[in-house]
Amino acid sequence: MADHEEQGATAPAVEQVGEEQALTTTSTEVAAPTGKKVVKKIVRKKKRPARVQIDSAEITSEPPPQTGTTFNIWYNKWAGGDREAYQQTKARGRCNIATDSGYTRADNQHGSFFCLHFARGQCPKGQDCDYLHRLPGTYDLFSPNVDCFGREKFSDYRDDMGGVGSFMRQNRTIYVGRIHVTDDIEEIVARHFAEWGSIERIRVLNSRGVGFITYTNEANAQFAREAMAHQSLDHDEVLNVRWATADPNPMAQAREARRVEEQAAEAIRRALPAEFVAEIEGKDPEARKRRKIESSYGLDGYEAPDEVHFARGANAVNPLGRQGHQVEYHAPPMIENGDPSAENAAPPQQEAVAQQTAGIFSGSTLAALNKAKVSVAAKPKAAAASGPLVGYDSDSDEE
């Protein structure tokens with residue numbers, strides 16, 4: 001019995017040792033190369049077609065409701081109808097970028113404009129539309145005389161700051177009125193208007209229910225103005241969206257001027273080579289050291305400013321700046337005694353011959369004229385008159 005118990009106790013030990021050996025052998029084995037090439041498959045998602053926002057049978061051309069006594073054909077509304085909120089007509093539809101955007105016929109044509117009805121949420125054509133059904137991007141650039149929808153601008157804004165706008169200045173700020181005042185009004189305005197593009201700045205006047213939204217791109221501001229006109233936020237208000245006037249705040253004007261300078265600098269960076277831009281901005285350490293040595297011009301501790309070192313022209317201090325601007329100048333050859341005119345001096349006989357042959361007369365003619373001494377008798381001068389009537393004279397021809 002004892003022997004059987006010992007065997008029963010040693011058998012699991014052998015099995016356990018065998019498992020350990022098997023584990024060690026499998027862990028040390030090296031997998032042989034299969035020789036198969038790994039091919040990465042890139043799956044490109046197809047663009048979806050633009051969705052039809054409204055049925056064409058539901059479109060009706062009705063005049064605006066009468067809210068005044070005089071209809072203004074220029075503003076397409078009744079006079080006095082923009083005064084109160086209850087006189088406003090709510091928009092019939094609203095654009096949803098997440099579900100409505102897609103490709104159209106305009107995607108295959110360069111320089112296409114955006115669909116105005118798509119921005120208002122009322123385009124019945126969908127993918128058959130001849131205009132773009134998406135948000136404007138950074139590289140969507142248009143002429144200053146038209147907006148992103150292809151409508152021509154005017155020289156000045158309308159009295160109510162509505163309409164297409166003016167081409168006299170770049171306006172990226174829209175005014176939003178009649179906002180329902182709540183504690184989280186800023187969050188509500190930012191959430192609704194951030195749908196139409198990148199926002200640079202938002203300013204909301206809580207006490208008046210008014211907001212100013214500044215977009216990074218002017219085309220996004222144009223799109224947002226049409227998309228949010230007569231819309232509502234989280235409440236049942238009807239928004240009054242129009243263009244904002246120029247901000248008289250000096251800080252805002254300085255900020256706008258700085259933004260224009262940054263845009264110009266960015267355009268210059270894209271036009272110039274990267275090495276040259278890095279050298280000018282001082283981002284390349286090797287170029288900075290080289291610039292410090294080259295701009296010293298042999299003077300210890302001196303470094304010429306940018307306007308002197310990068311100057312171009314015949315009078316530039318930098319020799320590289322004078323290349324292509326040199327004035328051709330041939331200096332007379334110098335001789336040992338320091339008289340530059342001695343080598344080029346002509347003999348006296350040659351000078352005399354040159355003087356004789358110069359002119360339209362020959363040398364013999366000039367010699368004959370020099371020998372002939374013709375004296376011309378000078379006309380005698382009349383004696384000066386004297387007497388009491390010396391200064392008397394008359395204008396009559398009969399005398």
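All values derive from a computational prediction rather than experimental measurement.
Taking a 6.0 Å sphere around CD of Glu266, one finds it holds more than 12 heavy atoms contributed by other residues, nucleotides or ligands. In this structure, Glu187 places its CD atom where only 12 or fewer heavy-atom neighbours from other residues, nucleotides or ligands lie under 6.0 Å away. The local environment of CZ in Arg203 is sparse, with at most 12 non-hydrogen atoms from other residues, nucleotides or ligands closer than 6.0 Å. The local environment of CZ in Phe149 is crowded, with over 12 non-hydrogen atoms from other residues, nucleotides or ligands closer than 6.0 Å. Heavy atoms of other residues, nucleotides or ligands lying less than 6.0 angstrom from CG of Asp184 number more than 12.
Here the side chain of Asn96 pairs no donor or acceptor atom with the backbone of Asp100 at under 3.5 angstrom. Judged by distance alone, with hydrogens and angles left aside, the side-chain atoms of Asn217 form no donor-acceptor pair with the main-chain N or O of Ser198 at under 3.5 Å. The main-chain N or O of Gln231 is never found under 3.5 Å from a side-chain atom of Glu237 such that the two would form a donor-acceptor pair. Here the side chain of Gln222 pairs a donor or acceptor atom with the backbone of Cys148 at under 3.5 angstrom. Without hydrogens or angle criteria, Arg225 side chain to Gly163 main chain gives a donor-acceptor distance under 3.5 Å. Side-chain atoms of Ser101 never come within 3.5 Å of backbone atoms of His133 as a donor-acceptor pair (strictly under, hydrogens ignored). Between the side chain of Ser296 and the main chain of Glu303, no donor-acceptor pair closer than 3.5 Å is present. In this structure, the side chain of Gln122 does not engage the main chain of His117 through any donor-acceptor pair within 3.5 Å.
Taking both residues in full, the closest heavy atoms of Arg151 and Asp147 are given as N-OD1, 2.7 Å, listed atom of the first, atom of the second, then distance. When every heavy atom of Ser166 is checked against every heavy atom of Ser155, the shortest pair comes out as OG-O, 2.9 Å. Taking each heavy atom of Gly209 and Val181 in turn, the nearest pair found is CA-CG2, 3.8 Å. Residues Ala119 and Cys95 share a closest heavy-atom pair of O-CB, 3.5 Å. For Arg178 against Asn240, the heavy-atom pair with the smallest separation is NH1-CB, 3.0 Å. Between Asp247 and Ala252, the shortest heavy-atom contact is OD2-CB, 3.3 Å.
Rounded to the nearest 0.5 angstrom, Glu218 CD and Thr173 OG1 are separated by 10.0 Å. Here CD1 of Ile97 is found 10.5 Å from CZ of Arg134. Values are rounded to the nearest 0.5 Å. For the atom pair CG of Leu135 and CD of Glu195, the computed distance is 7.5 Å after rounding to the nearest 0.5 Å. Within the model, atoms CD of Glu256 and OG1 of Thr214 stand 8.5 Å from one another, a figure rounded to the nearest 0.5 Å. Interatomic distance, NZ of Lys47 versus CD of Gln127, reported as 13.5 Å (0.5 Å rounding). A distance of 9.5 Å separates CZ of Arg169 from CG of Asp156, quoted to the nearest 0.5 Å.
You'll find the side chain of Tyr131 stays beyond 4.5 Å of the side chain of Thr104, heavy atoms only. Contact check for Trp196 versus Asn220: no side-chain heavy atoms found under the 4.5 Å cut-off. The side-chain heavy atoms of Tyr103 and Pro49, taken from C-beta on, include a pair separated by under 4.5 Å. Annotation: side chain of Arg259 is not in contact with side chain of Arg255 (no heavy-atom distance under 4.5 Å). A 4.5 Å side-chain heavy-atom check between Phe114 and Asp140 finds at least one atom pair inside the cut-off. A 4.5 Å side-chain heavy-atom check between His180 and Ile188 finds every atom pair outside the cut-off. Looking only at side-chain heavy atoms (C-beta outward), Met161 and Thr245 come within less than 4.5 Å of each other. The side-chain heavy atoms of Trp243 and Tyr157, taken from C-beta on, include a pair separated by under 4.5 Å.
Across His230, Gln53, Glu226, a single residue satisfies side-chain hydrogen bond (donor to acceptor under 3.5 Å, both in side chains) together with Arg120, and that is Glu226.
Residues Phe113 and Phe142 place their aromatic rings such that the two centres sit under 6.0 Å apart.
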Evaluate the side-chain contact (heavy atoms from CB on, under 4.5 Å) criterion for residues Ile54 and Arg92: first the C-alpha distance (whole Å), next the side-chain angles of each, then the deciding distance (0.1 Å), finally the verdict.
CA-CA 10 Å; Ile54 189 174; Arg92 298 180 181 178; over 6 Å; no
Could you give me the CA-CA distance, side-chain angles and deciding distance for Glu152 and Asn145, then say whether side-chain contact (heavy atoms from CB on, under 4.5 Å) is met?
CA-CA 6 Å; Glu152 293 185 359; Asn145 298 329; over 6 Å; no
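His192 and Asp234 are linked by a side-chain donor-acceptor pair at a separation below 3.5 angstrom, with hydrogens and angles left out of the test.
Taking Ile, Leu, Val, Met, Phe, Trp and Tyr as members and joining any whose side-chain heavy atoms lie under 4.5 Å apart, directly or through other members, the hydrophobic cluster of Met168 also contains Phe167.
Residues Tyr175 and Ile179 do not share a hydrophobic cluster, defined by chaining ILVMFWY side chains whose heavy atoms lie under 4.5 Å apart. Hydrophobic clustering keeps Phe212 apart from Met251 (ILVMFWY residues linked when any side-chain heavy atoms are closer than 4.5 Å, directly or through intermediates). Grouping the Ile, Leu, Val, Met, Phe, Trp and Tyr side chains by contacts below 4.5 angstrom, directly or via other members, places Ile202 with Phe223. When hydrophobic clusters are built by joining Ile, Leu, Val, Met, Phe, Trp and Tyr residues whose side-chain heavy atoms come closer than 4.5 Å, directly or via intermediates, Ile185 is grouped together with Leu233. Note on Tyr215 and Val146: same hydrophobic cluster, where clusters join Ile, Leu, Val, Met, Phe, Trp and Tyr whose side-chain heavy atoms are under 4.5 Å apart, directly or indirectly.
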